[in-house]
Amino acid sequence: MPAHTALEEIHAFLHCRTPDAWVEAALGQQALLLIDHANCEKKAASTALSLMYRYVDSLELLHLMSRLAREELRHFEQVLDIMAARDITYRQISASRYAAGLREMVRPQEPARLVDTLIVGAFIEARSCERFARIAPLLDEELGKFYRSLLRSEGRHYRDYLDLAKSAAGADISERVGVIGERERALIEAPDQEFRFHSGPPA
């Protein structure tokens, strides 16, 4: 699927666009943006591996999450290389409230737990793709090119998560997608004290 078509699909899936104030903050804090981007790639790989360990009876899930984990770790390495070239030190920083806020929506009993976890994964990947596309044209040539190169894989990850959620549910998931989508919108639009890759606009 062409990148522009995938992006149109993602815009239709998400309940809001990234606020302009977040874009301005990202442009002014590019070192922090890269550090948290690296963290996000590492966490994405960890999430995929966790699903592989928990749900061993789905061959489709095992294949897709294995590929996703490898790609996310490769992206992690690429971000580290860019940071090293720019003399940016990788360090631990606090996580944004975004992923934790989405995980609060996950129901505890199976198979609802798996379905909701996969829908949350779809929203995280979709938002990442939307933000890469939003800021790529505004960055320097090297970083802009790198972020544009991520659009195809992040868009595929979103679809993989969503397809797995539909398969796990064995029924229509549009209502659940809508509920979690509204929480995602609220998290993206609410002001944040700290800037992060998935934070809201600055408070």
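Nothing fancy with the numbering, it's 1 onward along the sequence. Predicted, not measured: the structure shown is a model, and the values here were computed from it.
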d(I180 CD1, R176 CZ) to nearest 0.5 Å is 4.5 Å
* Start with the C-alpha distance between F13 and L162, add both sets of side-chain angles, then the distance that settles side chain to side chain contact (heavy atoms under 4.5 Å, CB included), and finish with yes or no. => CA-CA 11 Å; F13 177 71; L162 200 59; 4.0 Å; yes
So CZ of R148 and CG of L143: to nearest 0.5 Å the spacing works out to 9.5 Å
Will you find, in the side chains of E182 and H15, an N or O donor that is under 3.5 Å from an N or O acceptor? yes
### Message
For the NE2 atom on H63, are there more than 12 heavy atoms of other groups (residues, nucleotides or ligands in this structure) within a distance under 6.0 Å?
### Response
no
| Candidate pair C129 and H11, rule side chain to side chain contact (heavy atoms under 4.5 Å, CB included), full reasoning | CA-CA 10 Å; C129 188; H11 285 156; over 6 Å; no
Cluster question for you: counting only ILVMFWY and a side-chain heavy-atom cut-off of under 4.5 Å, with indirect links fine, are F123 and L118 together? no
To the nearest 0.5 Å, atom CZ of R97 lies from atom CD of E104 at 10.5 Å
task = Decide whether L164 and I124 are clustered together by the hydrophobic rule: side chain heavy atoms of Ile, Leu, Val, Met, Phe, Trp, Tyr closer than 4.5 Å, transitively.
result = no
(request) I would like to know whether R74 and E41 meet salt bridge (charged side-chain N to carboxylate O under 4.0 Å, His left out); could you show each step before the answer? (result) CA-CA 9 Å; R74 176 56 183 152; E41 299 290 2; over 6 Å; no
Between the CG atom in D57 and the CG atom in L62, the distance rounded to the nearest 0.5 Å is 8.0 Å
Scanning both residues in full, the closest heavy-atom pair of I10 with G155 reads CD1-CA, 4.0 Å
When rounded to the nearest 0.5 Å, the distance separating CZ of R70 from NE2 of H75 is 12.0 Å
Notebook entry, point to check: Stepwise, does the salt bridge (charged side-chain N to carboxylate O under 4.0 Å, His left out) test hold for D140 with R86?
Noted result: CA-CA 12 Å; D140 62 79; R86 297 172 184 229; 2.8 Å; yes
Please tabulate, one pair per line, all N/O donor-acceptor pairs under 3.5 Å involving side-chain atoms of residues 43-56, not counting sequence neighbours.
residue, atom, partner, partner atom, Å
T47, OG1, K43, O, 3.0
Y55, OH, E110, OE1, 3.4
Y55, OH, E110, OE2, 2.4

Exercise for review: Answer with yes or no after comparing the ring centroid distance for H37 and Y147 against a 6.0 Å cut-off, counting only values under it.
Suggested key: yes
Side-chain donor-acceptor pair present, S96, E194, cut-off under 3.5 Å
no
The residue among E125, E130, E9 that forms side-chain hydrogen bond (donor to acceptor under 3.5 Å, both in side chains) with Y158 is E9
Query raised in the report: Would I119 and I188 show up in the same hydrophobic cluster when neighbours are defined by side-chain heavy atoms closer than 4.5 Å?
Result: yes
Side chains of T117 and R113: donor-acceptor distance under 3.5 Å anywhere? no
The remaining residues in the hydrophobic cluster of L73, counting side-chain heavy-atom contacts under 4.5 Å among Ile, Leu, Val, Met, Phe, Trp and Tyr, are none
(message) Test of understanding: clusters of I, L, V, M, F, W, Y form through side-chain heavy atoms closer than 4.5 Å, transitively. Do L68 and F76 belong to the same one?
(response) no
What's the verdict on salt bridge (charged side-chain N to carboxylate O under 4.0 Å, His left out) for K145 and E141, showing C-alpha distance, side-chain angles and the deciding distance?
CA-CA 6 Å; K145 181 179 180 181; E141 183 176 356; over 6 Å; no
Taking the side chain as everything from C-beta on, heavy atoms only, tell me whether V79 gets closer than 4.5 Å to F146. yes
Notebook entry, point to check: After noting the C-alpha distance and the side-chain angles of D116 and R103, does the key distance pass the salt bridge (charged side-chain N to carboxylate O under 4.0 Å, His left out) rule?
Noted result: CA-CA 8 Å; D116 287 354; R103 285 195 296 269; over 6 Å; no
inquiry  = For F132 and F197, I'd like to know if the aromatic rings sit close, meaning centre-to-centre distance below 6.0 Å.
reply    = yes
### Task
Group every Ile, Leu, Val, Met, Phe, Trp and Tyr by side-chain heavy-atom contacts under 4.5 Å, then state whether L187 and V179 land in the same group.
yes
Below 3.5 Å, can you tabulate the donor-acceptor pairs from side chains in residues 21-35 to any protein atom, sequence neighbours excluded?
residue, atom, partner, partner atom, Å
W22, NE1, R196, O, 3.0
W22, NE1, S199, OG, 3.4
Q30, NE2, L27, O, 3.2

Is a donor from one side chain sitting under 3.5 angstrom from an acceptor on the other, for Y98 and D192? no
The reported gap from CD in E77 to CD1 in I82 (rounded to nearest 0.5 angstrom) is 12.5 Å
*asked:* Testing the 3.5 Å rule here: is there a donor-acceptor pair between the side chains of H198 and S128?
replied: yes
_Could you check whether any side-chain heavy atom of R67 comes within less than 4.5 Å of a side-chain heavy atom of R156, counting everything from C-beta outward?_
yes
What one should report as the nearest heavy-atom pair of A38 and L80 is CB-CD2, 4.5 Å
I want to check something: taking the side chain as every heavy atom from C-beta on, are E154 and E72 in contact at a cut-off of under 4.5 Å?
yes
Donor-acceptor pair, distance only, cut-off 3.5 Å: does the side chain of R134 make one with the backbone of T18?
yes
